[in-house]
Amino acid sequence: MRKVTHQAISEELSKTVLLPCLFTLRPTTGSSHEPPRIKWTKVWGQRGSDGLQKEQSVLVAKDNVVKKAFQGRVTLPGYSKNRYNASLALTGLRSSDSGLYRCEVVVGINDEQDTVPLEVTGVVFHYRAPHDRYGLSFADAMRVCVENSAVIATPGQLQATFADGFDNCDAGWLSDQTVRYPIQSPRPGCYGDREDSPGVRNYGNRSPDELFDVYCFAKQLQGEVFHSTVPDKLSLATASTHCHSLGAQLATVGQLYLAWQAGLDQCDPGWLADGSVRYPINVPRKNCGGDDPGVRTVYNNPNRTGFPDTMALFDAYCYRGTESCVMRKLIWHQCGNYHGNGV
Ligand SMILES: *[C@@H]1O[C@H](CO)[C@@H](O)[C@H](O)[C@H]1NC(C)=O
Ligand SMILES: *[C@@H]1O[C@H](CO)[C@@H](O)[C@H](O)[C@H]1NC(C)=O
C-alpha cells in the first residue's frame, strides 16, 4: 500500500477548496476492467483509549455512482471525465471542516491512501458601536470593521458561521447592504422573518442611513495577542501605555477573535484598542460568562449598551506584530503564542 501525506491546505471561511487525491494504481492487465473504488473520510480529534480517532464518511464513489454525506457540499469535479481523478471539492467552508481528510482508492486487491490536512481560516464576529446598540449606518459599519482588523462580513460568511453554531440576536449589516442575524434557538424578540425555525434572519436590503450593529470578518492573525496586567489593574489609557512598554499595542477586537479561534483562553476582562473590554473563553466554566465557547464582552449597563467608563480598572490584551515578534525570537529566542505579562 502506498501512502502520501500532502502539506496542509488553507482556505477562507465560506469559500470552496479542492483537496487533491492522485493515485498511481491502474487496472491490472488481464483482470476484468474493474473501476477503482474511491472513499473520502474525515478524521479528527484526540486518539481515544482504543488508539482511534473519530471518523466521518465524506463520499464514496464507484463506477460513476457517487454517494455523498457532508450535507451535500462535496463533489468530485474531475471524476466524470477521468475515473482516476479523485480530487474532492468542498463548498461553503465552515470552521468545523478543519481537520484531516483521507482519500482511499482500491483497485482489485491493491489500495492507496492520500491524506490532506485542511485548515479553514477567518472568523465572523458581531460588533456594536461603543456608545449604543444599533448605532451604525452602513458606512460606519464598514469603517468600524476595518478599524478592528477586519472587513464587513458577506452573507456567505455569516451563513457558514451559523452552520458552526453561531447564535446572536442582534441585527447587523452585511457587505451586500442587507441586515441579518443568526439564530439557533428561536425565542421571543428573535423570531425575525423565520418564526420558530432555526436559521439566519434577514431584514433584506436597507437604506444606508438606517442604524444597526454589524457583522465583521477577520482573516488572519499576523502576530500574537497576549494577556497582561499589573497588580493594581489598568485604566484604558494606562493599559495602552502598558502594552507599549512591552513593545506592543492594545489588540483590536478582530485580533482578539482570531487569537480566541487559535485557542486563547483567559477568564480576565481586558481593555482593547476601541475602548471595549472583552475576554476569550475556549473552555467554558463557572463565572466565565456562559456555557458556550466565545469572546465575552463587558457592557456597562443592564441594557447591554455602551462600553465601560475609560477610568474603570481591568487587565489588557496586547498585540505584537510579526516583525517585532521575529526580532524577539532573534534576540531572546522566545516568541511564544500566548503568555501573560509580556516578556
Ligand atoms: C482532477 O480534477 C480537478 C478538478 O476538476 C482538476 O483541477 C485537476 O486538474 C484534475 N487532475 C488531473 C490529474 O486530471
Ligand atoms: C434601559 O432601558 C430602559 C428602557 O429603554 C430605560 O428606561 C433605562 O433607563 C435603561 N437603563 C440604563 C441603565 O440605561
Side-chain angles (χ1 to χ4, degrees), residues 1-45 53-124 151 153-164 175-176 200 217-222 261:
M1 189 172 77
R2 182 176 146 268
K3 280 194 182 186
V4 181
T5 304
H6 290 275
Q7 281 205 314
I9 292 187
S10 118
E11 185 54 273
E12 248 174 54
L13 189 73
S14 91
K15 293 204 168 162
T16 296
V17 73
L18 187 71
L19 303 178
C21 172
L22 292 174
F23 52 96
T24 54
L25 291 174
R26 287 295 177 266
T28 38
T29 42
S31 74
S32 61
H33 278 266
E34 203 185 341
R37 180 175 181 275
I38 294 166
K39 185 177 173 201
W40 277 95
T41 312
K42 184 183 174 192
V43 189
W44 79 97
Q53 291 174 285
K54 283 188 219 162
E55 295 202 353
Q56 181 184 2
S57 173
V58 175
L59 180 146
V60 179
K62 178 155 190 182
D63 206 8
N64 215 21
V65 177
V66 182
K67 286 190 190 148
K68 305 173 210 174
F70 242 67
Q71 306 93 15
R73 293 186 292 125
V74 287
T75 52
L76 299 178
Y79 181 69
S80 60
K81 267 197 204 147
N82 171 7
R83 292 296 155 74
Y84 290 84
N85 186 340
S87 298
L88 181 86
L90 173 55
T91 62
L93 283 177
R94 305 167 181 179
S95 296
S96 53
D97 290 336
S98 292
L100 196 62
Y101 290 76
R102 185 176 64 218
C103 158
E104 284 173 271
V105 177
V106 182
V107 180
I109 55 160
N110 298 312
D111 89 77
E112 282 188 8
Q113 276 191 19
D114 257 13
T115 50
V116 192
L118 171 66
E119 187 203 5
V120 180
T121 59
V123 62
V124 169
V151 292
T154 64
Q157 287 163 348
L158 185 63
Q159 189 66 43
T161 308
F162 168 77
D164 277 328
S175 61
D176 64 348
V200 174
F217 174 73
K219 215 172 176 171
Q220 206 145 33
L221 198 58
Q222 307 287 350
Q261 189 181 48

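Because only heavy atoms are used, hydrogens play no part in the values below, and waters and symmetry mates are left out as well, while side chains stay in. None of the values given here were measured: they were computed from a predicted structure. Whatever order the structure lists them in is the order used to number ligands and atoms, beginning at 1.
A side-chain donor-acceptor contact under 3.5 Å links Q261 to the backbone of G122.
Closer than 4.0 angstrom to ligand 1 sit non-hydrogen atoms from L18, L22, P77, G78, N85.
For residues 96-107, the salt bridge (charged side-chain N to carboxylate O under 4.0 Å, His left out) pairs, not counting sequence neighbours, are E55-R102, R73-D97, R102-E104.
Shown here are the salt bridge (Lys or Arg N to Asp or Glu O under 4.0 Å) partners of D164, two or more places apart in sequence or in another chain: there are none. Partners of K68 under the salt bridge (Lys or Arg N to Asp or Glu O under 4.0 Å) rule, at least two apart in sequence or in another chain, do not exist in this structure.
What you find for V105 and P36 is that their closest heavy atoms are CG1-CB, 4.0 Å. Across Y101 and L90, no two heavy atoms sit closer than the pair OH-CD2, 3.9 Å.
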